[in-house]
Every structure is written in C-alpha cells, then in structure tokens.
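Presented below is the structure to which this report refers.
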There are 2 protein chains.
Amino acid sequence: MPPHPTREQIGLPMVLDCLSDPIRLAIVYQLAQQERGSSELRCGDFSGLGAKSNLAYHFAKLRECGLMQTRVAGTSRFMRLRREDLEARFPGLLDAVINSAARDADRLQLVSECDVVDAD
Amino acid sequence: MPPHPTREQIGLPMVLDCLSDPIRLAIVYQLAQQERGSSELRCGDFSGLGAKSNLAYHFAKLRECGLMQTRVAGTSRFMRLRREDLEARFPGLLDAVINSAARDADRLQLVSECDVVDAD
DNA sequence: TCCTATGTTCAATGTTTATTGAACTATTGT
DNA sequence: ACAATAGTTCAATAAACATTGAACATAGGA
C-alpha cells in the first residue's frame, strides 16, 4: 500500500490530473455523495466502473495524490475523501469540481446517489 | 488554428486535464493576473515558460478545451481567458484553481503579477 | 521587394498513461 | 485446513503526451 502524502505534500497539478480522469472523477463523485452518510465506501462498491485491477490502479493514484484516504478493515478497504486537508490546501476547489461534475452527471457517466445506495 | 469549442462543448475532464500541466497552469495564471488590465496577452509574453513550439502546443490545448480564446491581430495572437463561459459551465472552478495556484506560487514556478506587467 | 518578427505545423523521440488478465496475498468463515 | 472473498501487484500492450528543432506561413517595416 503506497503511503498517503501529508497535507502539505498535496500538490495542485497532481490533484487536478487525478480529477481529470473520468473513472477517478466518478470515484470521487461517489465518495462525495457518501459524505452525508458513513463517508466511506469499499473498493467493491465501485465495481460498476471497470475491472478490479484497473480500479486498484486508480485507487492508488487517488491515494498518492492526496485526494482520498484508505482504512484497512479485515479484507476490505474503506475509503473516504480527505476533505479537510483539501479544503485547507485548496479552498473551494473540491466543491467546485464536485458541483461541476453533478451538473454534467449525464454527460459524464456518473452514478446518482440513489443508484449507489441501492447496492444493498 | 483549431476551432474554439462552444460554451456547451466545454468538458470538465478536458478542462481539469489542461489545468493539471504546470506550464498550462502558469499560462492560465498569468492570463488571470492580466484580467485587471487589458485581459489579453500575446504568445510572446510567455517566452519564459519554454520553447516557442512547445508553447504553441500548449496554447492549442488551452484553446481546444475552451479555457482561452485567441484573437489574431497582424502577426500577433492575443489571448484571454474565457471566464464567462467557464463560470457559466463550472461556477467557482476557475477562481478556486487560480487562488490555489496563487497560494502555491512558489512551489509551482509561477510568475508574479509585477513580473508580468513590467514587460512593457 | 527583402528582411525580420511572430507563431504555427511537422516529424521524431522518449515518457507516461490506461487497460487487461493472470498470479498473488491476506482475511474470514466453515 | 479449506475454500471463498477482497484487493493488490505484475507484465504486457496500445494510446496519448510533452518536448525539441527544423521548416513553414504571414504580416509589417525598411
């Protein structure tokens, strides 16, 4: 498991590059939807976005750039957005991206909150 | 000269990808600094950022993704940010990126407003 | 008309990136 | 101990990307 960067190590170009990939943007978007609930999702919750190994690749990038944090629990990994760190480093950026993504939810292939929740 | 996209054609992943490159981010940043003045800069004003042909490559990407508009005047090209279009599509995004870049101006190799203005 | 200045386009190069399937690790439950 | 589950890592591949220098196009001034 690659190490998470500290708050100060989070860099703007890396974050923007991470968010520019449609799959990673969808992951971040789903994590943002989840913030009103447990704030966490498991890797398996994103299986609609592609093959497992490809998702693991994107998860690693999202961790390495500081966008999300991973917590290991048994055989599962629980992930959440590093909202506080991102807000401290780049105020308003994450919300602007997520709101913009929500506006284009149909154009991007973003899953709505309901679709995520009914996986149970 | 590649065509500019219409406002509705501007896509979030493309915009974020454009902004994730340090050279393009520096170009956008300098254009933003200029918005209190003429709002425009010529290609040559960015010669500190690299070779001409490489800059032309980045200019094209910035045009094609809808971040900036080019106006031809004689042998020069004048460029400005498409702030209104971007604000309409992705409210708050451009400002959040520019403010974040300003915070990290030393970490990124961004030129300050004074350095740009004294080119006259 | 010729020279210069301003940019773009092209071809070539090396790097990074996204994607896939197979192999692997580790944890849980029986 | 065995099998199933959840993810990661690896090797390979194809596509996209950034960078460079040379060639090209075009407008303006002597």
Side-chain angles (χ1 to χ4, degrees), chain A residues 1-4 11-28 30-31 38 40-65 67-80 108-109 116 119-120, chain B residues 1-4 11-28 30-31 38 40-65 67-80 108-109 116 119-120:
Chain A
M1 171 127 58
H4 297 75
L12 183 58
M14 279 193 166
V15 166
L16 293 173
D17 184 52
C18 251
L19 292 169
S20 75
D21 181 276
I23 290 184
R24 291 192 293 262
L25 183 59
I27 293 169
V28 167
Q30 289 190 209
L31 285 173
S38 65
E40 288 182 317
L41 284 175
R42 289 173 312 163
C43 298
D45 294 327
F46 301 93
S47 56
L49 296 174
K52 267 181 12 171
S53 68
N54 191 27
L55 289 178
Y57 164 75
H58 289 300
F59 293 150
K61 296 218 98 175
L62 287 164
R63 271 196 308 266
E64 289 163 16
C65 88
L67 269 167
M68 69 181 206
Q69 196 167 27
T70 301
R71 176 175 68 88
V72 179
T75 168
S76 291
R77 263 82 167 165
F78 287 91
M79 312 188 290
R80 63 172 181 81
L108 317 163
Q109 339 141 275
V116 176
D120 193 23
Chain B
M1 170 128 57
H4 298 76
L12 183 57
M14 279 193 168
V15 165
L16 293 174
D17 184 53
C18 251
L19 293 169
S20 75
D21 181 275
I23 290 184
R24 291 193 292 261
L25 184 58
I27 293 169
V28 167
Q30 289 188 208
L31 285 173
S38 65
E40 288 183 317
L41 284 175
R42 287 174 315 161
C43 298
D45 294 326
F46 301 93
S47 56
L49 296 175
K52 268 184 4 175
S53 67
N54 193 25
L55 289 179
Y57 165 75
H58 288 300
F59 293 150
K61 295 218 99 177
L62 286 165
R63 271 196 308 267
E64 289 163 14
C65 88
L67 268 166
M68 69 181 207
Q69 195 167 28
T70 300
R71 175 175 68 87
V72 179
T75 169
S76 291
R77 261 84 168 167
F78 287 92
M79 310 187 292
R80 63 172 180 81
L108 316 164
Q109 338 142 274
V116 176
D120 197 22

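Residue numbers start from 1 in every chain, and the chains themselves are labelled A, B, ... in the order their sequence lines are given, proteins ahead of strands.
Taking atom CZ of residue A:Phe78 and atom P of nucleotide D:dA6, one finds them 11 Å apart after rounding to whole Å. Atom CE in A:Met14 sits about 13 Å away from atom C1' in C:dT17, given to the nearest Å. B:Asp45 has its CG atom 17 Å from the P atom of C:dA5, to the nearest Å. In this structure, the CZ atom of B:Arg42 is 16 Å from the C1' atom of C:dT8, given to the nearest Å. Rounded to a whole Å, the NZ atom of B:Lys52 is 17 Å from the P atom of C:dC10. Distance B:Phe59 CZ to D:dC17 P: 18 Å, rounded to the nearest Å. If you measure from atom CZ of A:Arg63 to atom C1' of D:dT8, you get 9 Å, rounded to the nearest angstrom. Rounded to an integer number of Å, the gap from CG of A:Asp17 to C1' of D:dA18 is 13 Å.
Considering only side-chain N and O atoms, B:Lys61 lies under 4.0 angstrom from the phosphate OP1 or OP2 of D:dC17. For B:Arg77 and C:dA5, the shortest distance from a side-chain N or O to OP1 or OP2 is not below 4.0 Å. For the pair A:Arg24 and C:dT19, the criterion of a side-chain N or O lying under 4.0 Å from OP1 or OP2 is not met. In this structure, A:His58 does not reach the C:dT17 phosphate: none of its side-chain N or O atoms is under 4.0 Å from OP1 or OP2.
Between the CD atom of A:Glu40 and the CE atom of A:Met68 there is a distance of 11.5 Å, given to the nearest 0.5 Å.
The one candidate from B:Ile23, B:Val28, B:Asp21 that meets the side chain to side chain contact (heavy atoms under 4.5 Å, CB included) condition with B:Leu62 is B:Val28. When the options A:Gln30, A:Arg80, A:Met79 are evaluated for a side chain to side chain contact (heavy atoms under 4.5 Å, CB included) with A:Leu41, the one that passes is A:Gln30.
Partners of A:Arg42 according to the salt bridge (charged side-chain N to carboxylate O under 4.0 Å, His left out) rule, which considers only residues two or more places apart in sequence or in another chain, are A:Asp45.
Judged by distance alone, the side chain of B:Arg24 and the main-chain N or O of B:Cys18 form a donor-acceptor pair under 3.5 Å. Distance alone, capped at 3.5 Å, is enough to place a donor-acceptor pair between the B:His4 side chain and the B:Thr70 backbone.
For the pair A:Pro13 and B:Leu108, the minimum side-chain heavy-atom distance is below 4.5 Å.
A:Asp17 and B:Ser20 get closest at one heavy-atom pair: N-CB, 3.3 Å. The heavy-atom pair separating B:Ile27 from B:Phe59 by the smallest distance is CD1-CE2, 3.6 Å.
Using a 4.0 Å heavy-atom criterion, one finds that B:Leu55 contacts no nucleic acid atom at all.
With the nearest nucleotide of DNA chain C identified for both A:Ile23 and B:Ser76, B:Ser76 has the one nearer the 5' end.
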Polar-atom pairs under 3.5 Å, protein N or O versus N or O of nucleotides 21-24 of chain C: list them with distances, or write none.
residue: C:dG21; atom: N7; partner: A:Ser53; partner atom: OG; Å: 3.3
residue: C:dG21; atom: O6; partner: A:Ser53; partner atom: OG; Å: 3.2

Notebook entry, point to check: So what's the dot-bracket for DNA chain C: Watson-Crick or G-U pairs under 3.5 Å, [ ] if a pair crosses, | if it pairs off-strand?
Noted result: ||||||||||||||||||||||||||||||
